[in-house]
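Reading through the structure tokens given below for one structure.
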Amino acid sequence: LMLGGTSEIHEMLAAAEVSIPVDLPEDPGRISRFDPPSRRLTPIYMGYLALVYRQLPDFQQRVPDWGALIDARWIDRVSLPSPESTSGGSVVLATQLLRQPDPERGWQYLRILGAAGVPWESRSIDVITKIAAGKADLGVSWAQDAWRQRERERLPIGVVIPTRTGYEVGAVSALRWARDVPAAEEFIRFLTSQEAQQIQAEVGLRVPLRTDVSAPEYLEGNSPLPGDDALAFFDRATVLREQEGWIARWAREIAVSR
């Protein structure tokens, strides 16, 4: 098996026919909107980008949004994941381009960040660490990672999912050289079950792909959930097609200004 990681990686395995099709039983509780026709990968969770921030008075009065990242009050205290080295950074990049009516406005937004010398971290988790240590006030990371560290390490950080946020779909694939293909297929079916998805939400803090499992606590009151119109702007087919070119342009135009 290849378990976890963004479905784009699994799609590359499927295109190379490294993975094998897995049939799933009929299950009205399972959200299947991300299933590919090939059945060579099985989506099992979603992860959303979140804004992570220090518990400063201004942010306690009004939680930050995307505009706060380029606000003159905060821009020299912002930390972001790199699109070149992190999946979170590539989703940040795609989000800024797709949430705007014109992608060039997204590039203008990114140029403001680049011109200000905003650091692009080599790991998404480094953003959380810097903010918790007071070395930055605001940044972007995966919601589940930020919430997990906040709760387990009692970090003095806030986590909010902004309007029109990007996301990844995590998946599992059965590989063609598996020594016990029936066992691999059965385990994948278990991972889509209500029992396994509840564990995924409670322990992994990822958003389950079932309608009969409660979402993690950080989604309460500020959902998007799978299927929401708020996610429609983030066209994953476009991201998959354009991502390489976007990252190359970011490296030429934005990263050089660090």
Side-chain angles (χ1 to χ4, degrees), residues 3-6 9 44-66 68-69 71 73-93 95 113 117-163 165-172 191 195-210 213-226:
L3 175 58
T6 182
I9 297 173
I44 54 173
Y45 65 81
M46 293 182 69
Y48 295 136
L49 285 182
L51 291 170
V52 185
Y53 56 94
R54 289 182 65 207
Q55 298 283 15
L56 300 175
D58 283 5
F59 292 149
Q60 291 177 337
Q61 294 174 11
R62 178 183 176 184
V63 295
D65 55 18
W66 289 122
L69 292 176
D71 190 312
R73 292 173 296 174
W74 312 115
I75 196 166
D76 62 348
R77 298 282 294 170
V78 166
S79 174
L80 297 173
S82 168
E84 286 182 313
S85 60
T86 70
S87 61
S90 65
V91 176
V92 169
L93 174 58
T95 299
L113 293 168
V118 169
W120 302 88
E121 313 297 347
S122 59
R123 300 184 305 166
S124 295
I125 201 167
D126 291 341
V127 174
I128 304 167
T129 303
K130 286 183 70 171
I131 293 169
K135 296 179 180 179
D137 292 333
L138 179 63
V140 182
S141 193
W142 293 114
Q144 67 269 14
D145 293 340
W147 193 262
R148 182 184 302 111
Q149 286 193 256
R150 166 188 152 129
E151 296 299 294
R152 292 182 182 176
E153 300 177 28
R154 300 182 182 275
L155 298 183
I157 60 174
V159 182
V160 63
I161 297 176
T163 302
T165 196
Y167 62 93
E168 69 173 359
V169 178
V172 59
L191 290 174
E195 177 186 0
Q197 290 279 295
Q198 189 68 57
I199 295 170
Q200 179 83 265
E202 292 178 359
V203 180
L205 296 177
R206 294 177 172 88
V207 179
L209 287 176
R210 292 193 65 93
V213 173
S214 299
E217 182 181 355
Y218 59 80
L219 274 182
E220 291 184 5
N222 67 343
S223 171
L225 285 173

Of all residues at least two apart in sequence or in a different chain, which pass the salt bridge (charged side-chain N to carboxylate O under 4.0 Å, His left out) check with Arg206? none

What is the distance from atom [atom1] of [X] to atom [atom2] of [Y], rounded to the nearest 0.5 Å?
| X | Y | atom1 | atom2 | answer |
| --- | --- | --- | --- | --- |
| Thr86 | Asp126 | OG1 | CG | 9.5 Å |
| Asp65 | Thr165 | CG | OG1 | 12.0 Å |
| Ser122 | Glu84 | OG | CD | 11.5 Å |
| Ile157 | Ile128 | CD1 | CD1 | 6.0 Å |

[X] versus [Y]: any side-chain heavy-atom pair under 4.5 Å?
| X | Y | answer |
| --- | --- | --- |
| Trp142 | Ser87 | yes |
| Ile131 | Leu155 | no |
| Leu3 | Leu191 | yes |
| Ile125 | Gln149 | yes |
| Val118 | Ile75 | yes |
| Val140 | Trp66 | yes |
| Leu49 | Val92 | yes |
| Val207 | Tyr218 | yes |

Listed partners of [X] passing side-chain hydrogen bond (donor to acceptor under 3.5 Å, both in side chains), at least two apart:
| X | answer |
| --- | --- |
| Asp71 | Arg73 |
| Glu151 | none |
| Gln55 | none |
| Arg150 | none |

Classify the angle between the aromatic ring planes of Tyr48 and Tyr167 as parallel (below 30°), tilted (30 to 60°) or perpendicular (above 60°). perpendicular

Indicate the ring-plane relationship of Tyr53 and Phe59, choosing parallel, tilted or perpendicular according to the 30° and 60° boundaries. perpendicular

Taking all atoms of both residues into account, what is the closest heavy-atom pair of [X] and [Y], and its distance?
| X | Y | result |
| --- | --- | --- |
| Leu93 | Pro83 | CD2-CB, 4.1 Å |
| Ala146 | Val159 | CB-CG2, 3.8 Å |
| Met46 | Val169 | CG-CG2, 4.4 Å |
| Ala50 | Pro162 | CA-CD, 4.1 Å |
| Pro81 | Trp120 | O-CE3, 3.4 Å |
| Ser124 | Gly89 | OG-N, 4.4 Å |

Please test Leu69 against Leu51 for side chain to side chain contact (heavy atoms under 4.5 Å, CB included), starting from the C-alpha separation and ending with a verdict. CA-CA 9 Å; Leu69 292 176; Leu51 291 170; 4.2 Å; yes

Which pairs with one or both residues in residues 130-149 pass salt bridge (Lys or Arg N to Asp or Glu O under 4.0 Å), sequence neighbours excluded? Arg54-Asp137, Arg77-Asp137, Glu121-Lys130, Asp145-Arg148

